[in-house]
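Remember, predicted model here, so these are calculated numbers, not experimental data. Because only heavy atoms are used, hydrogens play no part in the values below, and waters and symmetry mates are left out as well, while side chains stay in.
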Amino acid sequence: MARVSNLWSHSKTVVLIWLTSALLFYSGLQFALRNSSVNYPSGSTMSDSEQRSKLYDKMENDLNEHGAAFLKHGETSQSLSLSDLFTIKDGIVTPVLKAAKPPVRANVLYLSTEFSVLISEAVRSVFSPYFDKVIWFQNSSLYHFSMFHASHHITPVPATEVEIEAEATAVESVAKALSPLKIVLDRVLLTSTGVLLGCWQVASGTDPVTIRAKLRAALPHAPKNQLYDNVILHTSFARLLGPPKFSPTELHKASDQLQFFHELVARLNNMIRGFKGLMAVVSELWYVEEHDVLALALNGRMKIRRFNLGANKSETWEDHKIEAKA
């Protein structure tokens, strides 16, 4: 009887060790797959949405930690100086369009004007009174979420026309395997480089982590180091290029500009949260050849191939350029 008891005890120990090892292996694998710039605890079991929230918290603190660098003509998040991107003459902000050689090849999710125009109007109503001559508003016809680059300006990957067509075909195959996303705006924040960002969460559909993993598998020659965190889902709404201008009754606010920026962002967040039932639907993946540096952000020259998520229909726009809209 003692022998049977010992065997049973030994079996339980073996099973427990096996289960523990399997759990540790699975946790480690998930952590490796979620290659992120945020330092998550070892063996983290946080969901993608929780990781996004933690990342957004870190991004939200950026302005406090580094101050308003854009007031000192600092750099963008992609290591480009503001003078590389814009000129301001006679109160008119003009983008500096420079040819991208080779063209940047970006894969982005597209936010329909059904949702973007409403947000753009709110952004303008809050920020225009103070930054009328020193702000660049993202074209609401081109609101997008950067997912994955087959080539970017930091690590260019030249490709022939045949190779580009093969990439586009591979991206189309990825799009067919994805489900449309329903997303909600988690928060709007202002970075130290002056970018007003919309940070989103996924309510349903294929998560950005999965989308990026599928694109990486489909584009094996893409730069190993991508520009953005795996979990992020963000849209640029505007870029501040200079200090605010105050009316005579608001001059007291100039003494603490950082606090003023926080107040404006809070005002915008409250306004957007007031849009009852705002849940955006994302149903297109774009493969974009940007013939100008940051063409999507600066209304430059580009060629866009539009792929519907989970569908066969696609569309190509040659050397696409849209006039700025609200």
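Side chain of Ser151 to backbone of Val157: a donor-acceptor contact under 3.5 angstrom is found. The closest donor-acceptor contact from the side chain of Asp207 to the backbone of Val209 lies under 3.5 Å. Thr160 places a side-chain N or O within 3.5 Å of a backbone atom of Glu163 that can act as its donor or acceptor partner. No donor-acceptor pair under 3.5 Å is formed between the side chain of Arg301 and the backbone N or O of Asp292. Of the possible polar contacts, none joining the Thr210 side chain to the Thr206 backbone as a donor-acceptor pair under 3.5 Å is found. Using a distance-only test at 3.5 Å, with no hydrogens or angles considered, no donor-acceptor pair links the side chain of Asn269 to the main chain of Arg187. Put simply, the side chain of Arg212 gets close to the backbone of Met147: a donor and an acceptor are under 3.5 Å apart. Here the side chain of Ser236 pairs no donor or acceptor atom with the backbone of Ala238 at under 3.5 angstrom. Within the 3.5 Å criterion, the main-chain N or O of Ser49 finds a donor-acceptor partner in the side chain of Gln201. Using a distance-only test at 3.5 Å, with no hydrogens or angles considered, no donor-acceptor pair links the side chain of Thr113 to the main chain of Ser116.
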Hey, can you pull the donor-acceptor pairs under 3.5 Å for the side chains in residues 257-267, sequence neighbours left out?
from	atom 1	to	atom 2	distance (Å)
His262	NE2	Asn64	OD1	2.8

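Aromatic ring orientation, His149 versus His152: perpendicular (interplanar angle above 60°, classes split at 30° and 60°).
Separating the CG atom in Asn61 from the NE2 atom in His66 is a distance of 10.5 Å, to the nearest 0.5 Å.
Residues Val293 and Ala100 share a closest heavy-atom pair of N-CB, 3.9 Å. In plain terms, the two heavy atoms of Pro208 and Leu181 that are nearest each other are CD-CD2, 4.5 Å. Heavy atoms only, all atoms of each residue included: Ala280 and Trp200 are closest at CB-CZ3, 4.0 Å. Here the closest heavy-atom approach between residue Cys199 and residue Met59 is recorded as SG-CE, 4.2 Å. The two residues Trp136 and Ala297 come nearest to each other via the heavy atoms NE1-O, 3.0 Å. Of all heavy-atom pairs spanning Ala122 and Met271, the tightest one is CB-SD, 3.6 Å.
A salt bridge links Lys253 to Glu250: at least one charged side-chain nitrogen sits closer than 4.0 Å to a carboxylate oxygen. For the pair Arg305 and Glu289, the salt-bridge criterion is met [side-chain N within less than 4.0 Å of a carboxylate O].
Cation-pi check for Arg239 over Phe86 is not met; the charged atom does not lie both under 6.0 angstrom from the ring centroid and within 45 degrees of its normal.
A search for ring pair (Phe, Tyr, Trp, His ring centres under 6.0 Å) contacts involving His234 returns Tyr228, not counting sequence neighbours.
Using modelled atom types, one finds a donor on one side chain and an acceptor on the other under 3.5 Å when comparing Ser192 with Asp62.
The aromatic ring centroids of Tyr143 and Tyr110 lie 6.0 Å or more from each other. For an aromatic pair to be called close, the ring centres must be under 6.0 Å apart, and Trp286 with Phe307 fails this.
Residues Met302 and Val104 are members of separate hydrophobic clusters, defined by side-chain heavy-atom contacts under 4.5 angstrom among Ile, Leu, Val, Met, Phe, Trp and Tyr.
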